[in-house]
Amino acid sequence: MTLQIHNTLTRRKEEFKPLHEGRVGMYVCGPTVYGHSHVGHAKSYVSFDVIVRYLRHVGYKVLYVQNITDVGHLTDDADEGEDKIEKQSRIDRVHPMQIAELYTKSYFEDMDALGVLRADISPRASGHILEQIEIVEQLIRNGHAYVSNGSVYFDVPRFAGYGKLSGRSFEDLEAGARIQVNPEKRHPADFALWKKAEPEHMMQWSSPWGKGYPGWHIECSAMSMKYLGENFDIHGGGLENQFPHHECEIAQSECATGKPFVQYWIHNNMVTVNGQKMGKSLGNFVTLKDVFKKFDPLVVRFFILQSHYRSTLDFSDEALQAVNVGLEKLLNTLRNLREEIAKAAVDNRSAEAAIDLEGYKSRILSAMNDDFNTPQAIAVLFDLTRETNALLSLESKFSAESLRRIGDFFQEFGGRVLGIIPLESASLMAGDAKMESDLVQLLVDLRTEVRSQKLWSLSDKIRDGLKKLGITIEDKKDGTAWRKG
RNA sequence: GGCGCCGUACCCAAGUGGUAAGGGAGAGGUCUGCAAAACCUUUAUGCGGCGGUUCGAAUCCGCCCGGCGCCUCCA
């Protein structure tokens with residue numbers, strides 16, 4: 001059973017073979033930090049997070065690099081327009097770096113909430129200006145770039161491989177009249193490696209070509225190659241970046257080094273809102289901070305992983321609501337299982353909970369090995385959920401050891417790999433929470449007393465009151481349980 | 001105009017040649033003082049339409065219809 005990855009370069013699923021045995025170098029295009037993250041960011045980074053987690057699960061030592069774009073990303077095409085961060089800084093009347101810092105923090109905050117593990121390295125574009133300049137110089141030396149009026153452009157027609165990722169040719173681009181004619185460029189498809197800065201431009205650096213700032217594409221080439229080498233395993237990003245961003249990255253990187261750049265390109269599909277692409281101009285922008293007001297970040301993560309990363313995902317409150325119930329079911333089972341394990345630990349039990357965990361494991365692995373099919377993996381978890389619930393509702397008492405194996409399984413695949421189950425330690429309470437739970441327990445005990453006297457209306461009054469405070473009561477055969485939610 | 005993707009039940013969504021996963025919603029039942037949770041049963045002779053290839057097609061090919069994306073910044 002080998003890992004198959006859909007490679008955008010070949011448009012096929014291919015067996016994954018890293019360049020170096022047991023090690024994986026992976027780069028994913030990070031956010032441009034000029035605003036709060038939205039649900040599109042969530043889909044992208046949750047998807048790649050699971051990919052990294054899975055690669056590690058199957059034993060690879062992964063070096064995961066994800067940049068923070070804090071300069072050079074323009075509002076219009078790659079060669080014209082305003083730097084997005086500078087634009088926002090003028091609106092807010094603060095220094096551009098303050099904008100970048102603010103939204104970098106915001107980004108990490110949201111990603112942490114979603115359970116996205118931090119990349120091993122999160123390089124900032126502004127901190128790698130020298131590396132970018134070096135690549136531009138190399139391209140000029142190689143004859144792949146030319147200086148024009150203080151800016152440097154990549155000479156697209158001279159690179160035969162241009163278009164191999166997106167299936168586009170630069171001739172097509174010429175035909176498509178949407179590209180503005182820039183008199184500094186020799187060919188309309190040529191793109192900026194370095195832009196001359198006007199005096200009022202705040203973010204600018206000295207270069208061999210005068211004061212300026214880097215083009216958008218060059219940072220990813222510089223930072224990926226700096227940390228992962230000139231040829232590395234996986235490069236990921238959003239589908240919308242396939243062209244022109246990734247195509248340009250390949251061109252400038254391969255022309256600078258003379259080596260193939262990336263082995264596997266992975267592109268995740270986009271988020272739509274009510275069936276329409278989400279965009280600022282369309283006014284249907286949904287930030288994560290807004291979503292988190294209504295839904296637990298874990299629900300958002302679960303929602304994302306219930307469709308395949310290469311499918312579009314339509315975002316709506318209704319969809320999240322439906323999925324919320326499903327996740328509750330999963331977590332409820334785990335909660336009941338943990339309670340039962342705790343009971344089993346004090347009793348002396350010998351019955352074996354006979355669940356074919358190896359079977360479940362191989363089903364999850366084959367789902368994940370098939371281009372990271374998380375919806376299928378989750379379906380397997382639901383099958384296990386049903387079997388576990390059935391087991392827990394039986395009269396027979398199973399040994400702590402055999403129940404713990406089931407718990408560990410959930411923890412391993414639902415927790416560590418998919419990240420949709422909170423770690424056991426996170427659910428442990430401390431301080432105020434302890435007091436709160438003691439108080440609830442007191443009421444529950446009181447209600448049990450009242451119920452034994454068949455004082456139903458009083459008993460229901462306690463239950464309804466707790467419900468209003470967000471506590472749900474469940475009367476079971478062997479006692480009353482309660483939970484938040 | 002060029003490149004590409006998608007259309008599976010009431011909703012979401014897997015399935016890329018062997019006879020339709022999973023979740024939500026609905027219906028019936030078991031348990032229960034009631035509720036909640038859970039379990040069992042049930043809901044697509046059919047996968048946008050029409051042809052073709054094949055012993056066999058949701059899956060491959062062709063045409064058509066419908067929706068969407070990229071080609072300008074976007075995760």
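Throughout, protein chains are lettered first and strands after them, A, B, ... in sequence-line order, and every chain is numbered starting at 1.
Searching all strands for a Watson-Crick or G-U wobble partner of B:rG62 with both distances below 3.5 Å returns B:rC50. Of the nucleotides present, B:rG67 is the one that pairs with B:rC5 by Watson-Crick or G-U wobble criteria, both distances under 3.5 Å. The pairing partner recorded for B:rC55 is B:rG18, the criterion being a Watson-Crick or G-U wobble arrangement whose two distances lie under 3.5 angstrom. Of all nucleotides present, only B:rU30 satisfies the Watson-Crick or G-U wobble test against B:rA38, with each distance under 3.5 Å.
Contact annotation: A:Arg386 side-chain N/O to B:rG22 OP1/OP2 distance is under 4.0 Å. Phosphate contact (OP1/OP2 of B:rA37, side-chain N/O of A:Lys476, threshold under 4.0 Å): absent. For B:rA75, one of the phosphate oxygens OP1 or OP2 lies less than 4.0 angstrom from a side-chain nitrogen or oxygen of A:Thr32.
Atoms NZ (A:Lys454) and P (B:rG33) sit 7 Å apart, rounded to a whole Å. In this structure, the NE2 atom of A:His6 is 11 Å from the C1' atom of B:rC5, given to the nearest Å. Atom CD in A:Glu474 sits roughly 16 Å away from atom P in B:rG33 (whole-Å rounding). Whole-Å rounding puts the A:Gln242 CD to B:rG4 C1' distance at 8 Å.
Checking B:rA75, B:rG23, B:rG33 against every side-chain atom of A:Phe382, the shortest atom distance belongs to B:rG23. Minimum atom distance to the side chain of A:Lys329 is reached by B:rG24, of the listed B:rC70, B:rG24, B:rA75.
If A:Asp460 and A:Cys29 are placed on RNA chain B by their nearest nucleotide, the residue sitting closer to the 5' end is A:Asp460. Mapping A:Met278 and A:Glu328 onto RNA chain B by nearest heavy atom places A:Glu328 closer to the 5' end of the strand.
The side-chain tip of A:Arg349 does not point at the ring of A:Phe398 from less than 6.0 angstrom away and within 45° of straight on.
Atom CZ in A:Phe372 sits 9.0 Å away from atom NE2 in A:His308 (nearest 0.5 Å).
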Distances for protein N/O vs nucleotides 11-17 of chain B N/O pairs under 3.5 angstrom?
residue: B:rA14; atom: OP1; partner: A:His308; partner atom: N; Å: 2.8
residue: B:rA14; atom: OP1; partner: A:Ser311; partner atom: OG; Å: 3.1
residue: B:rA14; atom: O3'; partner: A:Asn373; partner atom: ND2; Å: 3.0
residue: B:rA14; atom: O2'; partner: A:Gln376; partner atom: NE2; Å: 2.9
residue: B:rG15; atom: OP1; partner: A:Asn373; partner atom: ND2; Å: 2.9

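Atom name P, nucleotides B:rC47 and B:rA58: the rounded distance is 7 Å, in whole Å. For the P atoms, the distance from B:rA20 to B:rU42 is 15 Å, rounded to whole Å.
Residues A:Leu228 and A:Gly25 approach most closely at CD2-CA, 3.8 Å, considering heavy atoms.
A:Asn373 places no side-chain N or O within donor-acceptor distance of the main-chain N or O of A:Met368, the cut-off being under 3.5 Å. Side chain of A:Asn389 to main chain of A:Thr385: a donor-acceptor pair is present (N/O by atom type, distance under 3.5 Å, no hydrogens or angles).
Contact annotation for A:Val271: base contact, defined as any heavy-atom pair under 4.0 Å involving a base atom.
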